[in-house]
Each structure stands twice: as C-alpha cells, then as structure tokens.
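Each chain gets a letter, A, B and so on, in the order its sequence line appears, and its residues count up from 1.
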Protein chains: 2
Amino acid sequence: MTERDAIPAGGKATYIAEEVRRRIIEKEWRQGDRIPDETELATEFGVARATVNKALQLLAEEGLLDRRRRAGTRVAINPVRKATFSIPIVREQIEAAGLSYSHRLISQSRSPLPAQHAERLGLSTGDILIHLRAVHYGDRQPFQLEDRWINPRAVPGIEDVDFHHLNANEWLVRNAPYLRADLNFSACNAGEHDAPLLDTKPEQALLILNRTTWNDVGPITTVRLAFHPGYTMAATT
Amino acid sequence: MTERDAIPAGGKATYIAEEVRRRIIEKEWRQGDRIPDETELATEFGVARATVNKALQLLAEEGLLDRRRRAGTRVAINPVRKATFSIPIVREQIEAAGLSYSHRLISQSRSPLPAQHAERLGLSTGDILIHLRAVHYGDRQPFQLEDRWINPRAVPGIEDVDFHHLNANEWLVRNAPYLRADLNFSACNAGEHDAPLLDTKPEQALLILNRTTWNDVGPITTVRLAFHPGYTMAATT
DNA sequence: TAGTGGTCTAGACCACCCT
DNA sequence: GGGTGGTCTAGACCACTAT
C-alpha cells in the first residue's frame, strides 16, 4: 500500500479486491494462472493475511477466483458470475416508480390444494390452504397479478386476516420470516382468464415469477406473480 | 457455545448466524426489535467479537438485520430478501441437463450499431460492431436464440475469431472478463422472425434475458437471449 | 507430509451518528 | 459525547489435499 495509492473507499480489503480484479481484467493474471498466495500478497500490500483473505474470498464469491487449500488460488477459467436481485414489496416497488399504489382482492377462500402445487410444497393434494387472488395497480394501471396459496399451519394467525385492505405480500414479509425460498422466472401467454385482469390480450406474453418459502414448520406460501406486459426485472452483479 | 450444541458445520460464525436466524424465525426476536450488541453476543456465545461480527454481517447481507453504528442491530421490519442466480455457459447448461450440445451460427457480420442499443452501451449509432445471431440446441431441439453485439475495441483479437465452430458466449467468458454487468428478464412473443428458429408459433411467449457487460475500456458486449417455450430460470436464496 | 486456505482470537483504533 | 458497528492486526491452530 504505497503512498500514492488512492485512499481505499471501503477499507484495505476492498482496495486489494479492486486491485486484484484490475490485474485480472487487464490480463496481468490470466485465466487459469495461479496467483501469489495470501502470505505473499499480504507482504506486497503491507497488510495482515486476514485482510488479503477477506479480499480474495470476496472475489471467489463473485466467481472470478478458484481457491483450494493446498492448491492455491487461481483465476477462474470459466468465471461463473452471479447476479442478485432483491425481492421488493409490491407496494414499495410501485411507489418507488412514482405511481400511486392500489390493489384489488379478487378472491380469498379456504380451498383444497391442487395437485400441481402439492408436490412442490411437500403437502398432500386436498389439504386446506388459504387461496388468494389479487391485482396490484400503479396509477390504476394493472401492474401485477398475484395468485397465492398460504399454509395456515406454518403461519399462526393468518386465518383471522382480511386481505381486502391489507396486502398479503406485506403481511407475510412482516409476520412470516422464512428460512428457505425457491424462486424462478418463466414466460407464458396471458390466456383468456388472466388477460382481462391485466388489461391485455390473451396471447400477450407475460413475465412470471414463481416463489415458494419455507420455515421450520413447513411451507409458508407459494405464489405466482404475472407482471404487466413489457415489464422487465433488473438484477445487479 | 455449550457442550451439547451441534458441531457447527461451517465454523462458529455459521453456527451463530443460524442461531440468530432461528431466534428471528421463532419470534424470540421480533421485527423491529433491537438485538444485543456484538460484545454481549460474543460473551453469550463465548467467542471473539469479530466472530459475532462476521455472523451478523452475513445476516445483514441477507436482509434479515439492519445494522447501524451507534444505533445497534435490529431485526429488519421489511426484510428485503435477495436471490442469486448464476449465469452459466450455455453449453455447460445444456450438457448438465444430460443433452448433447450443438449450435448453429445464423449470421456473423460487422454492422452499424442500431440506435436502440447505442444509448444503453454508451456508443454512437452507426459505430461498427460485430453482430452475431446463433441458435443453441440440446439434443437437436432449439434451446436458446442468441442475438449479440460485440465491441471490438474492448476485446482485442475478436476480429479474427470465427464463431461457426466456437461459441461466442464461451470465447467471451474466457477472454473478456468484465468489471460491471447489467442484466434483466422480460417476456415477449416470439414473432414471425424468431418463431421458426425456436421451432414454435409466432404468438408463443418466450423468456428473454438481456445482458450487457463492460470493462475498463468500455462496453464489451450486449446480448439478448430468447429461451425455448416453457423454460424456467431458477434462482437460489 | 507439507503447503495452502479457513477460521478464530484478543486487542486496537476508527467512523458514524444517536442522544 | 459516547456507544455502536467496521475494520484491521499479529498470531495461532486447523482442514484439506496435491505431491
């Protein structure tokens, strides 16, 4: 860490991570190369080994480095980079876009679980769950169509909630922290049933997000979110 | 860390993170509550403060905790949870599914950049880039349609590559590490032009992934991937 | 077996920002 | 001003695995 180096914005570990990243981008260290071990880098940068360790672990999580005990650290040959996106509360997402939020509950009932969901949830077909359908609006335009099943055994108190005025997404986020979640994206045509709810044509392509959460008791909820036509979901790296 | 506790799988920090997560899930600590500070938890668990710090930073990244100097650590009121997915090499993705990979280059040319991409890339309309279109197959079934623009100024050597037998995705992953990437998902109808390439109907809904990468020179590549009908992209949390 | 990363400790100092 | 988290250090021991 020589005098002329810029002051590290996020501390020395961040600075070292940036410097190592730069050496990889600029091909000073090439795909597959072994890089100096932690002790050597600690000496080079004039820091403790733990600091180098933190920096390199960060880059390994990003997928840029492969690290193995005894074998050392190498620049990844096929860097499998990762992207993350946050799962916002619908209302906050809509309001963040400067629109006024509203929602409409289409149905709320206790219903037997269809087979298509039972396996994924690890429950039995016909178990009684709470089934909700709702549309979320931004400035009165349909934004998202929600089709949700909630397992009351995993969420005590849910039976008494009326979702006409409170949105299920928000209630669950605040009251049912989860241990594990599954999430996937797909696309499907709106169809006769959903198209009118999103104010579009039946053949319109829609982005679909399916999400299921579990806590220590069992599955909490599974939800299918269909976004309005043209919606894009952004991720960061 | 009492004797009867299970041996922490990933070390003490992991154990502490799991225990804190459990206390939140089971409502011992509720949304908005202030939790004990690092020093107290270090005493309780019989570890150094740095170990507690590591555990709590992990949970803060997950979105379960809000941490602020002086104000302490609180259970997040609206836990904004994050999901991560990895961006695989198409060939590896197809082979991992047990299918045999092949691809077909539809076109490779040096072309003026259309306006729709210019702004996103920070280049000028009409700049000469390399334009590729290709289809990737698994067991001879169309898997993914790729429409890619590559900026040769950011990737020296690209001009000489013939992508008839080498796939661009793989070449770029190995030769053009990036500093920053943008990524988003959307859905669109296949259309007259793309439908035959994916062996489907023009109105079929397709999952679209758009991705753009940059290095220190400038934009490297922007690509639009259209997946075959029914494809789902899974993320983990 | 020996070299490498993984993790932890005890202590220190600092940055931030609530009160 | 003072309490909290953020980061670093020097050292230690351990886990894994290439050779």
Side-chain angles (χ1 to χ4, degrees), chain A residues 1-3 5-21 23-24 29 32-77 79, chain B residues 1-3 5-21 23-24 29 32-77 79:
Chain A
M1 198 80 44
T2 63
E3 307 300 338
D5 286 327
I7 295 161
K12 297 182 187 178
T14 304
Y15 169 83
I16 292 167
E18 283 172 3
E19 171 62 14
V20 170
R21 205 183 281 112
R23 292 183 187 178
I24 294 170
W29 291 338
D33 283 0
R34 168 101 179 259
I35 75 170
D37 67 32
E38 295 186 346
T39 310
E40 289 178 68
L41 290 173
T43 305
E44 178 194 335
F45 288 109
V47 302
R49 181 168 78 90
T51 305
V52 172
N53 180 273
K54 191 177 173 186
L56 297 187
Q57 286 201 5
L58 186 69
L59 296 174
E61 275 168 31
E62 283 182 17
L64 263 187
L65 295 178
D66 280 338
R67 317 192 74 209
R68 274 169 19 239
R69 282 158 155 138
R70 167 75 202 198
T73 298
R74 293 177 178 276
V75 180
I77 298 189
Chain B
M1 198 80 45
T2 64
E3 306 301 338
D5 286 327
I7 295 161
K12 297 182 187 179
T14 303
Y15 171 83
I16 292 167
E18 282 172 4
E19 171 62 14
V20 170
R21 206 183 280 112
R23 292 182 187 178
I24 294 170
W29 292 338
D33 283 0
R34 169 102 179 258
I35 76 171
D37 67 31
E38 295 186 346
T39 310
E40 289 177 68
L41 290 173
T43 306
E44 178 193 334
F45 288 108
V47 302
R49 182 168 79 91
T51 306
V52 172
N53 180 272
K54 190 178 174 186
L56 298 187
Q57 286 200 4
L58 187 68
L59 297 174
E61 273 168 33
E62 282 182 17
L64 264 186
L65 296 178
D66 280 339
R67 318 191 75 211
R68 270 163 29 233
R69 283 161 154 134
R70 166 73 199 189
T73 298
R74 293 177 178 276
V75 180
I77 298 190

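Rounded to whole angstrom, the span from the CG atom of Leu58(B) across to the C1' atom of dG5(D) amounts to 16 Å. Note: CG (Leu65(A)) to C1' (dG6(C)) measures 15 Å, nearest angstrom. Separating the CZ atom of Arg67(A) from the P atom of dA18(D) is a distance of 15 Å, rounded to the nearest angstrom. With rounding to whole Å, Phe45(B) atom CZ is found 17 Å from dT9(C) atom C1'. Put simply, CD on Glu38(A) is 14 Å from C1' on dC16(D), counting in whole angstrom units. The distance between atom CD of Glu40(A) and atom C1' of dG5(C), rounded to the nearest whole Å, is 14 Å. Remark: P of dG6(D) and CG of Asp37(B) are 12 Å apart, rounded to the nearest angstrom. In this entry the distance linking OH of Tyr15(B) with C1' of dT7(C) reads 17 Å, nearest Å.
Both Ala71(A) and Thr73(B) lie near DNA chain D, and the one whose nearest nucleotide falls closer to the 5' end is Thr73(B).
Counting any heavy atom pair closer than 4.0 Å across all strands shown, Arg49(A) reaches a base atom. Contacts of Arg74(A) with the nucleic acid, taken as non-hydrogen atoms under 4.0 Å apart, are absent. Heavy atoms of Thr39(A) sit nowhere under 4.0 angstrom from any nucleic acid atom.
Below the 3.5 angstrom threshold, one finds no donor paired with an acceptor across the side chain of Arg70(A) and the base of dA15(D).
In this model, no donor atom of one side chain and acceptor atom of the other lie less than 3.5 Å apart for Thr39(A) and Arg49(A).
At dT9(D), one or more side-chain N or O atoms of Lys12(A) fall inside 4.0 Å of OP1 or OP2 (strictly under the cut-off). Taking only side-chain nitrogens and oxygens, Asn53(A) never comes nearer than 4.0 Å to OP1 or OP2 of dG5(C). In this model, the phosphate group of dT9(D) is approached by a side-chain N or O of Thr51(A) to a distance below 4.0 Å at OP1 or OP2. Taking 4.0 angstrom as the limit, Arg68(A) places none of its side-chain polar atoms (N or O) nearer than this to OP1 or OP2 of dG3(C). Remark: Gln57(B) is not in phosphate contact with dG5(D), judged by side-chain N or O atoms under 4.0 Å from OP1 or OP2.
Closest approach to the Lys54(A) side chain among dA10(C), dG6(D), dC8(D) is made by dC8(D) (side chain taken as heavy atoms from C-beta onward). Of the candidates dT9(D), dT9(C), dG3(C), dG3(C) carries the atom nearest the Arg69(A) side chain, counting heavy atoms from C-beta on.
Side-chain atoms of Trp29(A) and Val20(A), non-hydrogen and from C-beta on, do get closer than 4.5 Å to each other. A heavy-atom distance below 4.5 Å is found between the side chains of Leu56(B) and Leu41(B). With contacts defined as side-chain heavy-atom distances shorter than 4.5 Å, the pair Leu64(A)/Val75(A) does not qualify.
Residue Arg74(B) comes nearest to Gly32(B) through the heavy atom pair NH1-O, 3.0 Å, listed as atom of the first residue, atom of the second, then distance.
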